[in-house]
> 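What follows is a structure written as C-alpha cells; I'll ask about it next.
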Amino acid sequence: MPPTPLLRHPRRLAASLLTGSLLVGGLLTTPTAAAAPSTAAATAVRVNQVGYLPDGPKRATVVTTATQSLTWQLRDASGTVVASGATVPRGADTPSGQSVQVADFSSYRGSGSGYVLAVDGSGSVPFDIRANLYDGLRTDAMAFFHHQRSGIPIDASLVGSAYARPAGHLGVAPNKGDTSVPCQAGVCDYTQDVRGGWYDAGDHGKYVVNGGISTWLMVNSFERAERAGTDAALGDSTLRVPERGNGVPDVLDEARWELDFLMRMQVPEGKPYAGMAFHKIHDAAWTGMPMRPEQDAQPRELHRPSTAATLNLAAAAAQCARVFRPYDAAYADRCLSVARRAWTAARANPAMYAPDSDSTGGGAYGDTQVTDEFYWAAAELYATTGESGYRDAVTGSSWHTSPTAFSAYGFGWADTAALGRLTLATVPSGLPAADRDRVRSSVTAAADGYLSRMAAQGYAVPVPADGYFWGSNGEVAGDAIVLAVAGELTGNERYRTGVLETMDYLLGRNALGQSYISGYGETSSQNQHHRFWAHQLDASLPHPPAGSLAGGPNSGLQDPVAEEKLAGCAPAACYIDDIGSYSTNEVAVNWNAPLAWLAAYAAERTSTGEPPTAACAVTYKTDSVWSGGFTATVSVKNTGPASVEGWKLSWSYPAGQRVTNAWNATVTQSGTAVVARDADWNRTIASGATASFGVQGTYAGTNPSPTAFALNGNACT
C-alpha cells in the first residue's frame with residue numbers, strides 16, 4: 001500500500017493532507033522513468049479494446065467538437081463495411097472535460113476479429129466480437145491473487161519463469177518472517193503466527209479489513225455462479241493454483257489461502273481482547289522499490305485489534321461456513337466457530353477504531369464508523385445459521401432500512417452495508433417476505449440509479465462526476481456487481497447491459513482511451529505501482545501479470561508524479577501509467593476482487609454467439625391496413641421446457657411486403673426474408689411465456705400473412 005492514508009472514499013478526501021513522508025524519491029532506488037499521459041496517442045474513437053459479445057451492447061464514444069450526427073462504419077478485418085449508422089451527439093461530458101458523441105452498433109450480431117469502428121476520418125483500435133471474449137480475463141483476474149500470496153513459493157510451472165519467486169516472509173533471512181510476529185509496543189506481550197494470506201497491494205502489508213471484503217467477493221462470485229448453474233467454470237482445475245485437482249473449486253482454494261490468514265489474525269483465548277482481530281501486519285517502516293517479498297529485511301509488527309477488522313473476520317468466516325460446507329465440513333465448522341467468537345468480541349468492544357495516523361510502513365485503513373460492518377457480519381451469520389439473535393441484529397440495525405446502504409459511491413472496505421443487503425437479497429433465509437422484498441427492491445433501486453447515471457454520461461460510467469478518487473476503478477467494478485445482482489433478481493436484461501458497459505469503460509472506452517487492465521487492450525496499463533512487478537525501474541523484473549487492475553483516475557493527485565504530470569486534469573483523466581503514481585496506478589486485492597467477479601459473470605454464456613434453439617408457436621396478426629400500408633403484431637410463445645436466452649425469429653413475406661419500421665425488436669429484411677431479433681431487454685422468453693413485437697410495412701396488390709416462422713433456426717407451429 002502506498003505511503004499515505006488510504007483515501008479510498010470521498011468522505012475521507014478532506015481528512016488528510018500529504019506530508020513530507022510521502023515523497024517518492026526516498027523510496028525508489030531508481031528514478032522513475034518519464035511517462036506521458038495516455039491521451040497523446042489515443043484515437044478519437046474510444047471502444048472496448050478487447051471487444052464485445054455478439055449478444056451484448058456495442059457502443060463507442062467519439063471525441064469530437066462536431067454538433068451534428070456523424071456517420072459511423074463498422075469494418076471487418078478485410079475492410080468490408082458490415083454495419084453503419086449515425087452517432088448521437090452528447091455534447092459536453094463533465095467528468096472527462098470532452099465533447100463527445102456515441103455510436104451504437106449493438107444490432108450487429110456477427111463475430112470475428114480485427115473489427116474497426118470508423119467515424120469522421122478516425123478509426124478505433126482493432127477489436128474482436130466473440131462469445132468467449134472474457135474467458136481469458138476470468139482466469140487472469142483470478143490468478144492475480146495467487147501471484148500475491150505470501151508464505152508460499154510462486155512456482156514457474158503455474159505462473160511462468162518471469163513471475164516465479166521464493167516464498168516471502170517465512171523467516172528465511174533476510175526476512176524476519178510472519179511465523180512469530182510481535183506486536184507494536186504496548187499492544188501485546190506475545191507473538192503470533194500470521195503467515196500466509198495475500199499481500200494487499202504494491203507493498204508487503206496484509207490487512208484484515210481489505211482482506212475481508214476481497215475474500216467475500218471471491219467466495220460470493222462462486223456462490224452467485226452456483227445459483228446461476230455456471231459454477232463449473234470456477235470449479236476444480238480451472239485456475240492456476242497449486243491446490244488444483246483436490247476436489248474443491250479452485251476459486252474457493254484461493255479464497256482459503258486468505259481465510260486461513262484472517263483466522264490467524266484472531267486474538268487467542270486467554271489473552272486481552274480474545275476473539276478480536278488484529279487490524280493489520282506489515283513492516284515497521286516503508287521499504288524501497290523495487291523489492292521482492294523474500295528480500296524484505298524490515299521487522300514485522302502486529303497492529304492493535306480493531307472492531308472493523310473483527311467484523312470483517314466474522315463476515316468472511318460466516319460466509320465460509322456456508323459455502324465451504326459441501327467440500328470440507330470440518331473447515332466450515334472451524335470458520336463458523338471463528339465467526340461466532342469474532343461477533344461476540346466485537347459486541348463487547350464496539351468502538352475500537354483504527355486511527356488514520358497509523359500509516360508508517362503500511363496503510364492505515366482507519367474507520368470510525370463500524371455500524372455497517374456490524375450489519376454485514378450479522379447478515380452473513382444469519383444467512384448461515386438462521387438463528388434469531390443474528391436476525392434481530394440485522395432487523396434492528398439502522399442500515400436495514402437506510403436509503404444510503406447503497407451510496408452514490410458504491411461499496412468498499414470502509415462502506416460494507418451494501419454487502420449485507422446483497423446477501424440478504426440472494427441467500428434464502430427466514431426473513432419475512434415483505435422484508436426480503438424490500439431488501440431486493442433496494443438493490444434494484446440502487447442499480448437503476450447507476451444506470452441513470454450511465455445514461456447521462458458520454459462514457460457510460462456508473463460513478464458521479466466527483467467519484468474519481470483513490471481506487472475509482474474499484475468503485476466502478478463494485479457498482480457493476482450491484483447491477484449484476486439486480487439482473488439476477490429481476491431477469492431484466494438492462495442490468496446485464498450495464499455490467500458489460502462498465503467492462504467497456506475499464507477496457508478502454510474512457511476519457512483516456514486506456515485499458516486499465518494489464519495485458520488486455522492495445523493501450524493497457526503496464527507500470528502499476530508494485531515492488532516486484534517493477535519493470536519500469538529494473539528491466540530484469542516483469543511488468544504486472546495480465547489481469548491486474550490499476551486503481552484508476554484520482555482527481556486528488558495524491559502522489560508527486562501525479563501532481564507534476566497531471567495538473568489541471570479533468571477528473572476522469574487524472575491517471576498516468578507510471579510506477580511512481582501510487583495514487584492512480586497501484587494494484588490492490590480489493591480492486592481485483594470485483595474485477596474477477598465481473599469477469600466470471602461476463603464470461604458466462606449459453607451459446608457460441610447465435611441464440612439457442614427452442615420449440616415455439618407464433619401468431620401473426622394484422623392490426624390495420626390502408627392503401628399500400630399495414631401494421632402487424634407478431635407474438636412468439638416459448639413452448640419448450642427451458643427459457644430462451646436471446647432470440648431470432650425469421651419468416652418470409654409471400655407477396656413481397658417490405659418492413660419499414662418496427663418496435664420491441666430489431667428487424668432487418670433481405671428480399672422477402674425477414675429477421676427479427678430481441679431488443680436486449682426482452683431477450684429472455686421463459687418456458688410458456690410470450691414475447692411480442694410490432695412491424696409496419698408496405699405492400700403492392702395483396703397483403704397475405706406469412707405462414708412459416710423459425711425461432712433460432714427451429715420451425716415454429
Side-chain angles (χ1 to χ4, degrees), residues 213 216-217 219-231 311 314-326 332 336 339-340 343 371-408 410-411 415-451 478-496 498-499 594 597 601 643 684 686 689:
I213 188 174
W216 184 90
L217 284 164
V219 176
N220 182 263
S221 174
F222 179 78
E223 192 170 26
R224 186 211 61 81
E226 275 193 312
R227 295 193 300 269
T230 58
D231 51 299
L311 291 167
Q319 179 198 46
C320 161
R322 180 172 70 248
V323 181
F324 278 76
R325 186 159 299 281
L336 184 56
R340 291 184 187 277
W343 173 259
T371 53
D372 51 331
E373 280 86 0
F374 271 110
Y375 179 64
W376 173 34
E380 292 299 333
L381 281 159
Y382 178 53
T384 296
T385 68
E387 294 175 8
S388 60
Y390 300 125
R391 180 200 61 213
D392 293 345
V394 166
T395 59
S397 170
S398 62
W399 288 104
H400 194 51
T401 55
S402 171
T404 62
F406 293 98
S407 78
F411 60 78
D415 301 278
T416 59
L419 307 183
R421 291 272 183 95
L422 293 177
T423 291
L424 294 170
T426 56
V427 178
S429 70
L431 278 181
D435 206 17
R436 180 204 62 209
D437 291 347
R438 181 186 52 75
V439 168
R440 290 179 174 177
S441 293
S442 73
V443 177
T444 57
D448 288 340
Y450 300 149
L451 289 180
D479 289 349
I481 287 174
V482 177
L483 289 170
V485 174
E488 175 187 348
L489 295 174
T490 66
N492 196 311
E493 186 64 15
R494 71 175 183 270
Y495 298 115
R496 177 175 180 266
V499 174
W597 196 110
Y601 172 90
S643 293
T684 300

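Reckoned from all heavy atoms, side chains included, excluding hydrogens, waters and symmetry mates. Not measured: the values here are computed from a predicted model. The chain is numbered in sequence order, starting from 1.
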> Please report the closest heavy-atom contact between Ala383 and Arg322, naming both atoms and the distance.
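Looking at all heavy atoms of both residues, the closest pair is CB-NH1, 3.6 Å.
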> Passes side-chain contact (heavy atoms from CB on, under 4.5 Å), Arg340 versus Thr385? Steps please.
CA-CA 10 Å; Arg340 291 184 187 277; Thr385 68; 3.7 Å; yes
> List the steps and the verdict of salt bridge (charged side-chain N to carboxylate O under 4.0 Å, His left out) for Glu488 and Arg224.
CA-CA 9 Å; Glu488 175 187 348; Arg224 186 211 61 81; 5.4 Å; no
> About how many Å separate CD1 of Ile213 and CG of Leu419, when rounded to the nearest 0.5 Å?
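It comes to 5.0 Å.
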> Could you measure the distance from the CG atom of Asn220 to the CD atom of Glu226? Nearest 0.5 Å is fine.
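Taking CG in Asn220 and CD in Glu226, the distance rounds to 11.0 Å.
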> Could you check Tyr601 against Val485 for side-chain contact (heavy atoms from CB on, under 4.5 Å), going step by step and ending with a plain yes or no?
CA-CA 10 Å; Tyr601 172 90; Val485 174; over 6 Å; no
> Is the shortest side-chain heavy-atom distance between Phe406 and Leu422 below 4.5 Å?
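Yes; the side chains approach each other to less than 4.5 Å.
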> Please report the closest heavy-atom contact between Gly410 and Asp479, naming both atoms and the distance.
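Taking every non-hydrogen atom into account, CA-OD1, 3.2 Å.
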> Considering non-hydrogen atoms only, spot the tightest contact between Trp343 and Ala314 and give its length.
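Nearest heavy atoms, Trp343 then Ala314: N-CB, 4.1 Å.
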> Is it the case that Tyr382 and Asp392 place a side-chain donor and acceptor less than 3.5 Å from each other?
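Tyr382 vs Asp392: no donor-acceptor pair found between side chains.
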> Without swapping roles, check the side chain of Thr444 against the backbone of Ser441 for a donor-acceptor pair under 3.5 Å.
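Judged by distance alone, yes, a pair lies under 3.5 Å.
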> Which atom names give the shortest non-hydrogen contact between Ala484 and Val499, and what distance separates them?
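Scanning both residues, the minimum pair turns out to be N-CG2, 3.5 Å.
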> Is there a side-chain contact between Tyr375 and Arg421, using heavy atoms and a 4.5 Å cut-off?
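Tyr375 vs Arg421: side chains touch.
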> State, with a plain yes or no, whether a side-chain heavy atom of Arg494 is found less than 4.5 Å away from one of Asp448.
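Side chain of Arg494 against side chain of Asp448, heavy atoms only: contact under 4.5 Å found.
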> Is there side-chain contact between Leu217 and Phe411, with at least one heavy-atom pair below 4.5 Å?
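They are in contact (side-chain heavy atoms under 4.5 Å apart), so the answer is yes.
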> Are any of the side-chain heavy atoms of Leu424 and His400 separated by less than 4.5 Å?
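When only atoms from C-beta onward are counted, His400 and Leu424 do touch, with a gap below 4.5 Å.
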> Atom OH in Tyr450, atom CG in Leu483: separation rounded to 0.5 Å?
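Going from OH on Tyr450 over to CG on Leu483, the span is 8.0 Å.
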> Walk me through it: do Thr426 and Glu223 pass the test side-chain contact (heavy atoms from CB on, under 4.5 Å)?
CA-CA 10 Å; Thr426 56; Glu223 192 170 26; over 6 Å; no
> Any side-chain heavy-atom pair from Gln319 and Thr423 closer than 4.5 angstrom?
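A side-chain contact is absent here, since even the closest heavy-atom pair is not under 4.5 Å.
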> Run Leu431 and Thr395 through side-chain contact (heavy atoms from CB on, under 4.5 Å) and show every step you take.
CA-CA 9 Å; Leu431 278 181; Thr395 59; 4.1 Å; yes
> Is it true that a side-chain atom of Ser402 and a backbone atom of Ser398 form a donor plus acceptor pair closer than 3.5 Å?
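No; judged by distance alone, with no hydrogens or angles, the pair does not exist.
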> How long is the straight-line distance from CG of Leu336 back to CG of Leu381, given to the nearest 0.5 Å?
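Answer rounded to 0.5 Å: 7.0 Å.
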> For the backbone of Ala318 and the side chain of Thr384, can you confirm whether one donor and one acceptor N or O come within less than 3.5 Å of each other?
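Such a contact is found between Thr384 side chain and Ala318 backbone.
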> Look at the side chain of Asp231 and the backbone N and O of Phe222, then say whether any donor-acceptor pair between them is shorter than 3.5 Å.
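Answer holds: no.
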> What's the separation between atom CH2 in Trp216 and atom OG in Ser221, rounded to the nearest 0.5 Å?
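Those atoms lie 10.5 Å apart.
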> Can you tell if the side chain of Phe374 reaches within under 4.5 Å of the side chain of Trp399, non-hydrogen atoms only?
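No, too far: nothing below the 4.5 Å cut-off.
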> For Trp376 and Gly420, which heavy atoms make the closest approach, and how far apart are they?
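Heavy atoms only, the tightest pair is CD1-N, 3.8 Å.
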> Please report the shortest heavy-atom distance between Val482 and Ala446, naming the atom on each side.
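What the structure gives for the nearest pair is CG1-CB, 4.2 Å.
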